[in-house]
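One structure is given below, encoded as structure tokens.
Residues: numbered from 1 along the sequence shown. Predicted, not measured: the structure shown is a model, and the values here were computed from it.
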Amino acid sequence: MNESWVTVVGNAATRPDFWETAAGVAVARFRLAATVRRWDRGRDAWVDAYTSFYTVWTWRSLAANVAGSVSLGEPLVVHGTLRVREREWDRERDRPPRGDGGGPAGAAAPGAPGADLGGGAHQPRRWVTAEIDAVAVGHDLTRGTSAFRRVSQAKPLLNTPTGATSP
């Protein structure tokens, strides 16, 4: 199956959440905001048009490095596969999915999943979310500088007696 590969330039809209699965696999997730800018001839200036939000998923060593490197508001470049999903939350039956904007029924913003929009009849809330399974995340160096630190992975030495010495 073909996947849609994307590169998105934006800002970290949340701090990365980091955890390990039961199998010990590192996972980090954060939200990325990408705002489209357009040239307004009338104002003779760049103006913001609209903002798209993506949930970025990272795994293994990338997850650990994202958790240690990315802070709220920093400019980022994210490369990975795009996945668009339709979600449903029945507030009388379910708790909101983790990290998808739900919360206590009274705390949801108008129009957000779980918000009471009136109408009387109970209806599940549906929404669409765009997610990126990232293979690379980095700071956008057109908007600042960054200092790279290589992470060394400890590898066990193979200690097999060969009787030979290395030159």
Begin from the C-alpha positions of F18 and V66 and carry the test side-chain contact (heavy atoms from CB on, under 4.5 Å) through to its verdict. CA-CA 9 Å; F18 178 81; V66 161; over 6 Å; no

Side chains of [X] and [Y]: closer than 4.5 Å at any heavy-atom pair?
X: V9; Y: R143; value: yes
X: Y54; Y: V6; value: no
X: R38; Y: Y50; value: yes
X: E131; Y: T129; value: yes

Can you see which heavy atom on [X] is nearest to which on [Y], and at what distance?
X: S146; Y: L141; value: CB-CD2, 3.7 Å
X: W57; Y: R83; value: CD1-NH2, 4.1 Å
X: N11; Y: P75; value: OD1-CA, 3.3 Å
X: T58; Y: A134; value: CG2-CB, 3.9 Å
X: S71; Y: A12; value: O-CB, 3.5 Å

Can you check side-chain contact (heavy atoms from CB on, under 4.5 Å) on L62 and V135, steps first, answer last? CA-CA 8 Å; L62 178 58; V135 295; 5.6 Å; no

Only one of T7, V78, V137, T81 clears side-chain contact (heavy atoms from CB on, under 4.5 Å) with I132; which?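 The side-chain contact (heavy atoms from CB on, under 4.5 Å) with I132 is passed solely by V78 among T7, V78, V137, T81.
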
Distance check, rounded to the nearest 0.5 Å: [X] atom [atom1] versus [Y] atom [atom2]?
X: R125; Y: E88; atom1: CZ; atom2: CD; answer: 11.0 Å
X: F30; Y: L72; atom1: CZ; atom2: CG; answer: 11.5 Å
X: L32; Y: E74; atom1: CG; atom2: CD; answer: 12.0 Å

Group every Ile, Leu, Val, Met, Phe, Trp and Tyr by side-chain heavy-atom contacts under 4.5 Å, then state whether [X] and [Y] land in the same group.
X: V8; Y: V56; result: yes
X: V84; Y: W5; result: no
X: W89; Y: F53; result: no
X: F148; Y: V77; result: no

Under 3.5 Å donor-acceptor, D140 side chain and T142 backbone: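 Such a contact is found between D140 side chain and T142 backbone.
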
Has T35 got a side-chain atom pairing as donor or acceptor with D48's backbone, closer than 3.5 angstrom?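 Pair absent, no side-chain N/O of T35 close to backbone of D48.
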
Would H139 and L76 count as a side-chain contact (heavy atoms from CB on, under 4.5 Å) if you check the C-alpha gap in whole Å, the side-chain angles of each, and the deciding distance to 0.1 Å? CA-CA 4 Å; H139 288 103; L76 300 173; 3.8 Å; yes

Is it true that, when you exclude R37 itself, more than 12 heavy atoms of the residues, nucleotides or ligands shown sit nearer than 6.0 Å to its CZ?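 Atom CZ in R37 is packed in, count exceeds 12.
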
Please work out which of the three classes, parallel, tilted or perpendicular, describes the rings of W39 and W46, given edges at 30° and 60°.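 Ring orientation of W46 relative to W39: perpendicular.
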
